[in-house]
Amino acid sequence: MDQLRNYLSKHAIVARAGAAILYGVLVGFAMNFFWKPGNIYSSGFNGLGQLVGFFFSTNLLPVIILLVNIPMTILAWIMISRRLAFFEIFAIACSSIFIDLIITPAKPLISDPLMCAIFGGALNGLATGFALKNGVATGGLDVFEIIGKRLWNIKVFPINVAFNSIIMIGSGFQHGWKYAFYSIIGIVVSAWMTSIAYTQQQQMEVMIVTNNKDKMIQEIQSRLRRGITVVDDAKGGYLHDSKHVIFTVITLEERYELREAIEAADKKAFASMWKVDHTLGNFYEKQV
């Protein structure tokens, strides 16, 4: 695990570039194999690009998607980091290129718009989650999410809903209201797939009961960058022996490293985990 972590840290730029390219490929397939044939609209700024592109030309869609994302890239450059802004515009450029290069089949793979919404949303969600997991923002509303979380520790869900509602209303006027509802289903599937792939944003509280406090703290802090709270002088209810209770909060993707730390420190330790909706204070998050 340590060797893998060291390798990825040394090759972070290559990993992020690869994630951005893969994001572009998957979005290109989602757009040309499912969304376009099914008259399905994406969420976020890709959906905005589709909405604007309808009034001009579908051939200009890759350029439009790139242009509508530029203001958000500038915002990311100013308020977050230049590295994030660079990889964000790189990911958007990759998606624009592959949307242009991947040709829509003359005969659609799927004629049912509901299936187009589901499969297109699944591809988009997988692409977005994988990109975010590798430190690559994908433009548009991702920037609002990062700014809200980092600066004010809030979620911008209402903004997402309002923005996507406008896109869905536009979709209804353009193609018919049933396609707007199909697009909503696609957005839900995309969000679900993103949450599966991007586990860093999901937090879990951990309680560990152990006899070996010092070793447990050492193992956890050597593997994870997390604060720890220790409660001494606890007592077991069965043997009435002395125990120590350790509390910490981790991300979902760190649970395997935590499990290794617990087993290395005390194989007889008891641990329980549960999901956390919200945290206050200095919870460390990897920089993107």
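Heavy atoms only: backbone and side chains are in, while hydrogens, waters and symmetry mates are out.
Within the 4.5 Å cutoff, the side chain of Ile246 has heavy atoms near those of the Thr210 side chain. Within the 4.5 Å cutoff, the side chain of Val63 has no heavy atoms near those of the Ile65 side chain. Side-chain contact between Gln203 and Lys275 is absent, with no heavy-atom pair separated by less than 4.5 Å. Between Thr104 and Phe33 there is no side-chain heavy-atom pair separated by less than 4.5 Å. Residues Met72 and Glu88 are in side-chain contact: their nearest non-hydrogen atoms beyond the backbone lie under 4.5 Å apart. Side-chain contact check for Ile220 versus Glu257: every heavy-atom pair is 4.5 Å or farther apart. Between Leu66 and Ile89, the closest side-chain pair of non-hydrogen atoms falls below 4.5 Å. With a 4.5 Å cut-off on side-chain heavy atoms, Ile21 and Phe90 count as touching.
Side chain of Ser96 to backbone of Ile92: a donor-acceptor contact under 3.5 angstrom is found. Without hydrogens or angle criteria, Asn32 side chain to Ile99 main chain gives a donor-acceptor distance under 3.5 Å. Panel note: side chain Thr128, backbone Thr194; no donor-acceptor pair is recorded below 3.5 Å.
Under a hydrophobic-cluster definition in which Ile, Leu, Val, Met, Phe, Trp and Tyr are linked whenever side-chain heavy atoms come within less than 4.5 Å, directly or via other members, Met207 and Met216 are assigned to different clusters. Following chains of ILVMFWY side-chain contacts shorter than 4.5 Å, one cannot reach Phe270 starting from Ile228, and the two form parts of different hydrophobic clusters. Both Ile102 and Leu123 are assigned to one and the same hydrophobic cluster, defined by single-linkage of ILVMFWY side chains at heavy-atom distances under 4.5 Å. Linking ILVMFWY residues whenever their side-chain heavy atoms come closer than 4.5 Å, directly or via other members, places Ile78 and Ile70 in the same cluster. Using a 4.5 Å cut-off between side-chain heavy atoms of Ile, Leu, Val, Met, Phe, Trp and Tyr, with links allowed through other members, Val209 and Ile262 fall into different hydrophobic clusters.
Closest heavy-atom contact between Ala30 and Gly120: CB-O, 3.7 Å. Residues Ala20 and Val136 share a closest heavy-atom pair of CB-CG1, 4.2 Å. Among all heavy-atom pairs drawn from Ser183 and Met168, the shortest one is CB-SD, 3.4 Å. Minimum heavy-atom separation, Gly38 to Pro113: O-CB, 3.7 Å. Nearest approach of Glu219 to Ala265, heavy atoms of both residues: CG-CB, 3.8 Å. Between Ala127 and Val27 the shortest heavy-atom distance is CB-CG2, 4.3 Å.
Remark: Asp100 CG to Ser95 OG distance equals 11.5 Å, nearest 0.5 Å. Note that CZ of Phe247 is 7.0 Å distant from CD of Glu205, once rounded to the nearest 0.5 Å. Note: Cys116 SG to Tyr182 OH = 10.5 Å, rounded to the nearest 0.5 Å. Here His244 contributes atom NE2 and Asn211 contributes atom CG; the two are 7.0 Å apart, rounded to the nearest 0.5 Å. Summarising the geometry, atom CG belonging to Leu224 is positioned 7.0 Å from atom CD1 belonging to Ile250; distances are rounded to the nearest 0.5 Å. The structure places OG of Ser190 at 13.5 Å from CD1 of Ile185, a figure rounded to the nearest 0.5 Å.
Checking each of Phe34, Phe29, Trp35 against Phe119 for a side-chain contact (heavy atoms from CB on, under 4.5 Å) leaves exactly one that passes, namely Phe34. Of the candidates Val249, Ile208, Leu258, Met273 forms a side-chain contact (heavy atoms from CB on, under 4.5 Å) with just one, namely Leu258.
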Original post:
Can you check side-chain contact (heavy atoms from CB on, under 4.5 Å) on Met31 and Gln50, steps first, answer last?
Top reply: CA-CA 10 Å; Met31 182 69 73; Gln50 290 176 271; 3.7 Å; yes

**OP:** With salt bridge (Lys or Arg N to Asp or Glu O under 4.0 Å) as the test, would you mind laying out the steps for Arg259 and Glu263 before giving the verdict?
**Re:** CA-CA 6 Å; Arg259 184 177 300 172; Glu263 290 179 353; 5.5 Å; no

**OP:** Could you check Arg223 against Glu260 for side-chain contact (heavy atoms from CB on, under 4.5 Å), going step by step and ending with a plain yes or no?
**Re:** CA-CA 9 Å; Arg223 299 168 189 263; Glu260 291 177 354; 3.5 Å; yes

Original post:
Given Asp232 and Lys213, is the side-chain contact (heavy atoms from CB on, under 4.5 Å) satisfied, shown in steps?
Top reply: CA-CA 9 Å; Asp232 291 318; Lys213 174 186 67 174; 3.5 Å; yes

**OP:** Apply side-chain contact (heavy atoms from CB on, under 4.5 Å) to the pair Thr138 and Tyr23, showing each step before the final yes or no.
**Re:** CA-CA 8 Å; Thr138 57; Tyr23 167 79; 3.4 Å; yes

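With sequence neighbours left out, the ring pair (Phe, Tyr, Trp, His ring centres under 6.0 Å) criterion links Tyr179 to no other residue.
Atom CG of Asp233 sits in a sparse spot, with 12 or fewer heavy atoms from other residues, nucleotides or ligands closer than 6.0 Å. At most 12 heavy atoms of other shown residues, nucleotides or ligands fall within 6.0 angstrom of atom CZ in Phe173. A 6.0 Å sphere centred on CH2 of Trp177 holds more than 12 heavy atoms belonging to other residues, nucleotides or ligands.
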Indicate every side-chain donor-acceptor pair of residues 40-48 with a distance under 3.5 Å to a residue at least two apart or in another chain.
residue, atom, partner, partner atom, Å
Tyr41, OH, Gln174, OE1, 2.1

